[in-house]
Amino acid sequence: TALSPEQALAAAPGVGFPLLVRPSYVLGGRAMEIVYDEAGLRAYLDRAAHEAHGGGKEIFLDRFLENAVEVDVDALCDGETVWIGGIMQHVEEAGIHSGDSACVLPPHSLGGEMLDQIRAHTEGIALELGVVGLMNVQYAVAGDELYVIEANPRASRTVPFVSKATGVPLAKLACRVMLGERIGDLGLPDERELAHVSVKEAVLPFDRFSGSDALLGPEMRSTGEVMGVGRDFPTAFAKAQAAAGALLPDGGTVFITVADSDKPGALAIAAQLHDLGFQIVATRGTAQSLARMGVPVVTLNKLGEGSPHVVDWIERGDIDLVINTPTGTAARADGWEIRRAAVARGIPCITTLSGGIAAARAVAAARQGD
């Protein structure tokens, strides 16, 4: 916790970049940002000084875990017994506000050992806090390490989703527990294997506001949510995208530009989309990486290099899907024009690698009917 800009700048190297910075009083991720260097932190502190965020003047600095998997858990506790209502894996990596993330139940890529760890920690936290009723815990999985982001001894926005996905009315049961009933007397099922997959997707308002940036981050932007249910994750994800108004294309041209650290993952997306018959276009660095691995690709200029660049193609209606994963300050700023142009024309715009992989699998699932 820093009490002045000078303290924040002095403490930053010790905490370690990239940093998640926020004022001390935050609701919905308001005024939270990820900064990658001292210059980015100075810019944030200048903005924070000019904006009235309410509350105190303290600035919180957290080390940000890049490329971590975020997990949401809703649980019920009567002070002695804990029952796990649902473990949800976020599709977007940690750093995207949980209200803006798509999430899937049951988790689609976490191993049994990690899930057991998550269950054990959730039980321990609930009992230690003395929770009676509902509790929500948000975790980040980075490598083989499990981190607690936050624990909230209350209902969360995911409770309606979990209740519909599992058929267990969590809010009603929590009320009964708060009125004195015991979990053992409620006849709750074991955390059972579900025969279906459910995906919650955020509904985002970018197409309503001219000039807004479609980039997701730690500040919540969504104005609603929808749910897709299918026999597997790609099918459920495709349904959720359609319900949220971001119908994925069945074919056409996809533009891909990604950070260096995302290039191996971008190859998997591009190869799958090429196999599905899509034309791939990319900026020079991404294009070279894809071409080296045998994926046919058309090279476009970056915006600063002049035409032909992707905004020209978007405005002509020649792009059907945009995958743009910026990491670092410059790339995030460079991608703004691309995302703005895509939103203006109603073109699906995916800003995380994990979202891009899910989208490619969803297009493949949609080809199989259903």
Side-chain angles (χ1 to χ4, degrees), residues 28-29 68-76 84-110 115 118 122 134-141 149-150 152 154-172 174 191-206 214 216-248 348-359 361-363 365-366 370:
V69 174
E70 192 164 339
V71 179
D72 247 289
V73 182
D74 283 324
L76 204 55
I84 305 287
I87 299 175
M88 292 150 280
Q89 179 177 343
H90 289 209
V91 174
E92 285 79 15
E93 51 264 31
I96 308 301
H97 193 282
S98 59
D100 287 353
S101 283
C103 66
V104 56
L105 191 161
H108 62 295
S109 67
L110 294 175
L115 291 172
I118 288 168
T122 302
L134 276 163
M135 180 182 77
N136 171 264
V137 188
Q138 292 172 23
Y139 295 98
V141 179
I149 299 174
E150 58 183 63
N152 296 300
R154 56 161 173 77
S156 77
R157 69 172 63 78
T158 49
V159 163
F161 168 68
V162 174
S163 297
K164 288 192 174 188
T166 62
V168 178
L170 287 178
K172 182 184 288 187
E191 193 194 335
R192 60 181 185 265
E193 278 291 312
L194 297 170
H196 60 276
V197 176
S198 301
V199 172
K200 182 215 83 172
E201 179 58 288
V203 176
L204 297 157
F206 302 127
L216 299 177
E219 184 169 300
M220 183 172 160
R221 306 286 187 82
S222 72
T223 50
E225 56 190 33
V226 295
M227 178 171 166
V229 181
R231 68 182 183 280
D232 53 36
F233 169 60
T235 307
F237 184 79
K239 287 184 178 183
Q241 294 304 306
L247 189 62
L248 295 168
C349 184
I350 295 167
T351 59
T352 64
L353 192 65
S354 45
I357 292 166
R361 291 169 62 191
V363 171
D370 233 20

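Positions are given from 1, in the same order as the sequence printed here.
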> What is the minimum heavy-atom distance between E201 and F237, and which atoms define it?
OE2-CE1, 4.4 Å

> For the pair T122 and M135, evaluate side-chain contact (heavy atoms from CB on, under 4.5 Å) and give the outcome as yes or no after the intermediate values.
CA-CA 9 Å; T122 302; M135 180 182 77; 3.8 Å; yes

> Mind checking whether M88 and V162 have side chains closer than 4.5 Å, heavy atoms only?
yes

> Is there side-chain contact between R154 and L134, with heavy atoms separated by less than 4.5 Å?
no

> Using a 4.5 Å cut-off on heavy atoms from C-beta on, say whether the side chain of L110 contacts that of I118.
yes

> Taking the side chain from K239 and the backbone from V229, do they hold a donor-acceptor pair closer than 3.5 Å?
yes

> Looking at V203, is its backbone amide N or carbonyl O close enough to the side chain of E225 to form a donor-acceptor pair, meaning the two atoms are under 3.5 Å apart?
no

> Could you report the tightest heavy-atom contact between A244 and A202, atom names first, then the distance?
CB-O, 3.9 Å

> Does any part of the side chain of V197, heavy atoms only, come nearer than 4.5 Å to the side chain of L105, both counted from C-beta?
no

> So, applying side chain to side chain contact (heavy atoms under 4.5 Å, CB included) with D74, which one of I84, T166, T158 is it?
T158

> Between I350 and A359, what is the shortest heavy-atom contact and its length?
CD1-CB, 3.4 Å

> Does any part of the side chain of Y139, heavy atoms only, come nearer than 4.5 Å to the side chain of I149, both counted from C-beta?
no

> Closest approach of L170 and V159, non-hydrogen atoms and distance?
CB-CG1, 4.0 Å

> Identify the two heavy atoms, one from P106 and one from V104, that lie closest to each other, and give their separation to 0.1 Å.
O-CG2, 3.6 Å

> Is there a donor in the side chain of D72 and an acceptor in the side chain of S156, or the other way round, less than 3.5 Å apart?
no

> Please assess M227 against S198 for the test side-chain contact (heavy atoms from CB on, under 4.5 Å), listing each intermediate value before the final yes or no.
CA-CA 7 Å; M227 178 171 166; S198 301; 3.7 Å; yes

> Which atom pair, heavy atoms only, marks the closest approach of P348 to L247?
CG-O, 3.5 Å

> Kindly determine whether C103 and F161 satisfy side-chain contact (heavy atoms from CB on, under 4.5 Å), including the steps that lead there.
CA-CA 10 Å; C103 66; F161 168 68; 4.1 Å; yes

> Find the distance between NE2 (H90) and CD (Q138) and round it off to the nearest 0.5 Å.
6.0 Å

> Do H196 and R231 come within less than 4.5 Å of each other through their side chains, counting heavy atoms only?
no

> Taking the side chain as everything from C-beta on, heavy atoms only, tell me whether P107 gets closer than 4.5 Å to V71.
no

> Is any side-chain heavy atom of R361 closer than 4.5 Å to a side-chain heavy atom of H108?
yes

> Got a donor-acceptor contact below 3.5 angstrom from the Q241 side chain to the L248 backbone?
no

